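Reckoned from all heavy atoms, side chains included, excluding hydrogens, waters and symmetry mates. Predicted, not measured: the structure shown is a model, and the values here were computed from it.
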Amino acid sequence: ANTTPYNDVHTLDLNGPYVPSNLVLTGNHAFPLAMNSQGQVLMAASIYGRGKIVVLAHEGYLATFPALVENAVTWLRGDGSNNSSVGVQKNLKTVADNLSKSGFQAKVVGTFSDSPEVGVYVTDAYRVGEDPKDLVAFLKAGGGVLIGGQAWHWASQHPKKNTILDFPGNKVSGVAGIYFVTDYGKIEILHIHPQIPSFWKALEVRKDFKDDLEFLLEGISEFDIRGDLVASEILVHGPLAFPIGTTEDGRPFLAGTYYGKGRVIVVSHEHLLQKKTLASFWNNALNWLDQDRKGVVGVVPRLNVFAMSGLQCEKTKFRKDLNVFVCTAYSDKYAEEIQDFVAEGGGLLIGGHAWYWAQTHGGENPLTEFSGNRILNKMGLSLLPATISEGSYKAPVPSQAVKDTLHFRSLLRRFAAHVIQGKQLTKREQKHLQKLGMECASFLKMKAHDTFNYTQVLSILTDILKKTGMPQVAKTRHSSMVSIVLFHAKPEEQKSTLSHCTAIVEVTKTFSALVITHFLFSQIQIGCQTDYLDAEELKRAPSVHASFPITAMKMQVGNLWGGLIYLVAPPDVKVEGAEIIVQKAVLAPYYKSGVTTAADWSSLRTAPSPWAELEFDNIVLTVPSDIVRDLERPDEVADLWNGIMKGVADLAVIPRKFTRKERIVADVQISVGWMHAGYPIMIQWPSASELVKPGDARTEGLWGETHELGHNQQRDCWEFRPHTTEATCNLWSVYVHEEVLGVNRAQAHPSMTPTSRRTTVEKYVKGGKNLSDWTVWVALETYLQLQEKFGWDAFKKVFAAYHEMSNFPSDKKGKMNLYAETFSQTVKDEPGWIL
C-alpha cells in the first residue's frame, strides 16, 4: 500500500459538479485506489510492461485533487527515475500549474507526440493522441501515464460504438486492465485507507454482452459437441468474460472475453475447432476476433479451422503481426507474448481441455500449472478438470441470455448480499448455489494472491464465512454453499483471518551426514481425504486436502480444514537419514506395527487430533480418532491386516511386501458408492469401526474392504470391461474370507449362498444367455465354477503367466480368447479337464 498514490490523502470529497464513470478492472496488475459505497471503482492504478498508469473516473479530478495528482506522478515516474519531467496535455493547464508549484518539471504540450522526452504524461481520456499505440508503447517501455475522464457522455453520443474498445481512453488504459464504462458513479465523500479497497458490491458484471452474442450467434441455433471427444468445463470469472455455449444446467464449454484492446474465445476441446457442424459459428467468431480489420489469421499447423469469412488464413507459429491467432491450450511457449498481443488489440481463438492433464499430473494444480490456464487465467477464463457430456446444446437467445446468465461474479455478489444483508435469493439463484460453490473452489485454486480480482473474491468469501461461522462436519447435516468453498489463502492470510480453524505448520528438513536436496520429497500434503465431491447434497466441502510443492528447506503451510501431515516422495525414491521437524501441529494417534510399543500406544491413542492412523506391513488405515481411543490391542488388528494383505498378494502372485502400501481412508462423504477403490481406498464413516475389530472380521467378514482391495489388483489385460469390472475383484473377497479369515463363501455375502447362486444362473439362462447380462454375480459365477473345479492354484498360475506376457490384445474378443487359452493351458493336465 505504501507504493501506491495514497500518501497523506485521507479523504476525497467527490460532491460537486463532476459525475464520474465507473471503472472496471481486469488482469493481474490493475487495482482500485478509491471505491464508493456501491462498490464502484472511481480511481485505479495498474502496471503494463515496465510502466505504470493511474486512472481517475473524471478529468475534473485532475485539477480538484492536486495532492493526489502529485502522489500519482511521483509513483508513476518510479523511485530513482532520472526523468522528472511531466508532459501535460494542453486542455489541462491547471494541472501543469499545480505540478509546477510543487516542484515538478511540468510542461504543457499539444499531444503526446509533442513530448517524447517526458517521464510521465498527463491527459484526459478524450485526447490520448492521434495514434494511441504511441502512448501504449511509451507505457510499456517504462513511462508513466495519468488519465482522467468519464465514458457515459461519450457513449450517449456514440450509441452504436463499443465503449470497451472504442472509447479513446480505453485504447490506452485498457491494455493495463482498466476500462471506463458507461455507468454513472455515485458521488460522495470517500474515506481513504492504506489498504487496497475491497467490497462485495464491486463484483457486479458491468457489461451485458448482448451485442457480442448477437454477432457471434447469428444463424446459430445449436452447438453440436457430439462425437469421440470429452470437453472440459470452463470457469467464466473475469468481469468482462461471458459464456457463449453451455449445457442445460449452465456449465460452459464455449466462452469469450475482452482483454485489453483485444478479444478471446475459448472452446474446451480443440477438435471442436475442426467440426463441420460448427463451421458457421467459427466464421462469426473469427470476424468478431478480427474486429473488422480483415487481417491475417494465423493457425498453428496441426489445426484446421473452418473460416468462410474471406479472412486470410495462414498456417504459422505465433507472430506479432497477426490479427487473430488460433492455437491449442497445450503449450504456453508464447504465453506472455500472446497476452500482450491480445492486450494491444489482437484476437485469440484457443481450444483444448484440462481434464486429461489433471488425470496424468497427480498432485499438480491444473489451475496454475496447466499450460492453457497459464495463458487464460489473467484474461478471466480458465479450463477446469471437470468434464462436459457430449450432446447438442441449444444456442442462447442473446436478449434472454443477458437476463438468465448467472455469471460467477454476479451470483457470488447476490449470495454475499443474502448472507450479509439478508436479501432474498430467487429460486433460480438458490438452485445454482451448488454450482457457485464448485466455481468458488475452482477459482481459489488459481492462488493468484497478488492480484486484486483474486484477493477481492477471497476477502468476500472470508467475510461470508465470518458472518455465518465455520460449518461443522456432520453425518446428517447437509452443507450450505459456505461449507462448499475451500479457501486456498496464503498461510499468513489464513492465520490472520481464520486462525480458529486453520492448521498452520512449519516443516524443516535436516539431514545427518551429507546435505540432501530438498527435492527428496516432492510435496507436503495436509489431509488424506482426497476425494473431490460433485454431489447434489454435501456433508463436507468438495475438497478438504491441500498440497504444497516443496521449494525450501523450511516452509509454512496450512489447510483450512486441518488434516494429517504427509511428505510425498516421488516414485523410486528411498528416504534414509532424513529428520523431519514439524512445528505448531497437533499430535495424532498413530500406531506402526513392529515399532510402536504397548506403552507408547497407551498414551498415543489419546492424542487430540481428530484423525488417527494405523500403519501395518502393507496397509495404512486412517479412521476417526474416536474409533481407536478404546483400542487396547492394536497388535491384534495388525495381525488381521497383515494376514489379509498377504492373502491379497498370494492370489495376485506378487511379492508379499508391497512396493507401495495400500491405504483405506474413512470419510463422512465420498465421491461414489459406499466404498470405492483407488489410492486411497475410500469408505464411508460408519464402516470405519469394523476395520479395527479382528473378532468380528473372522466371523462376519469384511466383504466391502476386500472387494476394493481386489479392484486394486485387477489388470486390464485379463479384464473384460464392463462385464467383469465388479466381478473379478470379488475373487479376492472370496479368497481372503476362506483362506485368511476362515469364513466360508456362503457366509461371506448373501449373494454367495447356494440358493442365490443357483437363482443367478437360472435367471441368466432364461434371459437368453446374452453377453450384455454377463456381469457382476453371473460373471463371478463363471470364475467360481472354474475355481471349484480346479482350485485357487489354477488362478495363481494364470495370474503368474500374465506377469510374463507382453503385447496384449486391446479388443475385448482378443482378451477373452487369450484368457480362455491361458486358463486351458494351465489346467490341461488336471483331472476333469475338457478341451
Side-chain angles (χ1 to χ4, degrees), residues 616-619 621 637-659 661-664 675-678 681 683 687 690-691 693-720 723-754 756-757 760-761 775-803 819 822-823 826-827 830:
F616 307 131
D617 290 351
N618 285 306
I619 195 167
L621 308 178
V637 182
D639 289 342
L640 169 69
W641 284 99
N642 288 340
I644 289 174
M645 297 310 296
K646 286 177 182 176
V648 170
D650 288 348
L651 181 58
V653 196
I654 59 176
R656 284 187 169 183
K657 182 173 177 58
F658 282 38
T659 303
K661 295 183 181 184
E662 293 279 19
R663 284 183 174 271
I664 297 180
M675 300 180 183
H676 71 72
I681 292 169
I683 68 173
S687 294
E690 64 191 37
L691 301 178
K693 295 180 178 179
D696 290 353
R698 292 190 171 96
T699 55
E700 300 174 13
L702 290 169
W703 185 274
E705 291 83 353
T706 51
H707 171 96
E708 305 305 344
L709 288 167
H711 269 308
N712 284 359
Q713 294 302 322
Q714 289 173 317
R715 295 186 64 195
D716 184 66
C717 53
W718 47 257
E719 273 293 291
F720 318 131
H723 311 289
T724 58
T725 303
E726 296 299 326
T728 54
C729 57
N730 285 328
L731 290 173
W732 275 266
S733 296
V734 176
Y735 182 86
V736 168
H737 277 78
E738 293 191 337
E739 302 297 317
V740 178
L741 301 179
V743 178
N744 184 273
R745 66 188 65 181
Q747 280 73 51
H749 193 282
S751 294
M752 289 288 93
T753 64
S756 182
R757 290 176 63 184
T760 296
V761 173
T775 59
V776 194
W777 301 113
V778 66
L780 177 62
E781 183 63 27
T782 304
Y783 293 89
L784 290 181
Q785 290 184 11
L786 289 171
Q787 187 275 327
E788 289 166 349
K789 183 68 176 179
F790 300 109
W792 287 114
D793 281 348
F795 281 88
K796 293 177 183 180
K797 291 176 182 178
V798 168
F799 291 142
Y802 270 91
H803 290 322
Y819 189 86
T822 303
F823 202 100
T826 299
V827 300
E830 296 293 328

**Report entry** Trp777 and its side chain to side chain contact (heavy atoms under 4.5 Å, CB included) partner, picked from Thr760, Val761, Leu784
**Finding:** Thr760
**Report entry** Contact check, side chains of Asp650 and Tyr735, non-hydrogen atoms, under 4.5 Å
**Finding:** yes
Requested in this report: State, yes or no, whether a side-chain contact exists between Thr724 and Trp718 at a heavy-atom distance under 4.5 Å.
Outcome: no
Query raised in the report: Of the non-hydrogen atoms in Ala649 and Arg656, which two are nearest, and what is the gap between them?
Result: CB-CA, 4.0 Å
Query raised in the report: Between Val743 and Ala697, what is the shortest heavy-atom contact and its length?
Result: CG2-O, 4.1 Å
Query raised in the report: Going through the distances and angles, do Leu691 and Glu705 end up as a side chain to side chain contact (heavy atoms under 4.5 Å, CB included)?
Result: CA-CA 9 Å; Leu691 301 178; Glu705 291 83 353; 3.6 Å; yes
Query raised in the report: Tell me, do Glu708 and Glu662 make a side-chain contact under 4.5 Å, heavy atoms counted?
Result: no
Query raised in the report: How about Met675 and His711: do any of their side-chain heavy atoms sit closer than 4.5 Å?
Result: no
Requested in this report: Determine, step by step, whether Phe790 and Phe823 satisfy the side chain to side chain contact (heavy atoms under 4.5 Å, CB included) criterion, reporting the C-alpha distance in whole Å, the side-chain angles of both residues, the deciding distance to 0.1 Å, and the verdict.
Outcome: CA-CA 10 Å; Phe790 300 109; Phe823 202 100; 3.9 Å; yes
Query raised in the report: So, do Trp703 and Val734 sit near enough that their side-chain heavy atoms are less than 4.5 Å apart?
Result: yes
Query raised in the report: Distance-only, no hydrogens or angles: does the Asn712 side chain make a donor-acceptor pair with backbone N or O of Ala677 under 3.5 Å?
Result: no
Report summary line: CD1 (Ile681) and CG (Leu621) are apart, to the nearest 0.5 Å, by 10.0 Å
Report summary line: Result for side chain to side chain contact (heavy atoms under 4.5 Å, CB included) between Val776 and one of His723, Glu781, Glu726 points to Glu726
Requested in this report: Could you check Leu731 against Trp792 for side chain to side chain contact (heavy atoms under 4.5 Å, CB included), going step by step and ending with a plain yes or no?
Outcome: CA-CA 10 Å; Leu731 290 173; Trp792 287 114; 4.3 Å; yes
Query raised in the report: Less than 4.5 Å apart, any side-chain heavy atom of Phe795 and any of Leu786?
Result: yes
**Report entry** Electrostatic pair Lys796:Glu739 at N-O distance under 4.0 angstrom
**Finding:** no
Report summary line: CD (Glu690) and CD1 (Ile683) are apart, to the nearest 0.5 Å, by 6.5 Å
Requested in this report: Ignoring hydrogens and angles, tell me if any N or O in the side chain of His803 forms a donor-acceptor pair with the backbone of Ala652 under 3.5 Å.
Outcome: yes
Query - Evaluation steps, side chain to side chain contact (heavy atoms under 4.5 Å, CB included), between Tyr802 and Val653 - result: CA-CA 10 Å; Tyr802 270 91; Val653 196; over 6 Å; no
Query raised in the report: Quick one: does Met645's side chain get under 4.5 Å of Phe658's, heavy atoms only?
Result: yes
Query - Gln785 side, atom CD; Arg757 side, atom CZ - distance, nearest 0.5 Å - result: 7.0 Å
Report task. Please name all residues satisfying side chain to side chain donor-acceptor pair (under 3.5 Å) with Thr728, sequence neighbours left out, ordered by chain then number. Result -> Gln714, Glu719
Report summary line: Rounded to the nearest 0.5 Å, the CZ atom of Arg698 sits from the CG atom of Leu741 at a distance of 7.0 Å
Query raised in the report: Is Lys661 atom NZ crowded by more than 12 heavy atoms from other residues, nucleotides or ligands, each under 6.0 Å away?
Result: yes
Query raised in the report: Is the side chain of Thr826 donor-acceptor paired with the backbone N or O of Thr822 at a distance under 3.5 Å, no angle test?
Result: yes
Requested in this report: Specify the closest pair of heavy atoms between Ile644 and Leu709, including all atoms of both residues, with the distance to one decimal.
Outcome: CG2-CD1, 4.1 Å
Report task. Over all heavy atoms of both residues, which pair between Ala779 and Ala727 is shortest? Give the atoms and the distance, please. Result -> CB-CB, 3.7 Å
Query raised in the report: Within the distance-only criterion (no hydrogens, no angle test), does the side chain of Asp617 pair as donor or acceptor with the backbone N or O of Asn642 below 3.5 angstrom?
Result: no
Query raised in the report: Relative to each other, are the rings of Phe720 and Tyr819 parallel, tilted or perpendicular (30° and 60° limits)?
Result: perpendicular
Report summary line: In this structure, CD of Glu738 is separated from CG of Asn744 (nearest 0.5 Å) by 5.0 Å
Query raised in the report: Is there a donor-acceptor contact under 3.5 Å from the side chain of Ser733 to the main chain of His707?
Result: yes
Query raised in the report: Is Trp732 reaching over with its side chain to a backbone N or O of Val648, donor-acceptor style, under 3.5 angstrom?
Result: yes
Report summary line: Output for pair (Leu651 CG, Phe799 CZ), nearest 0.5 Å, gives 5.5 Å
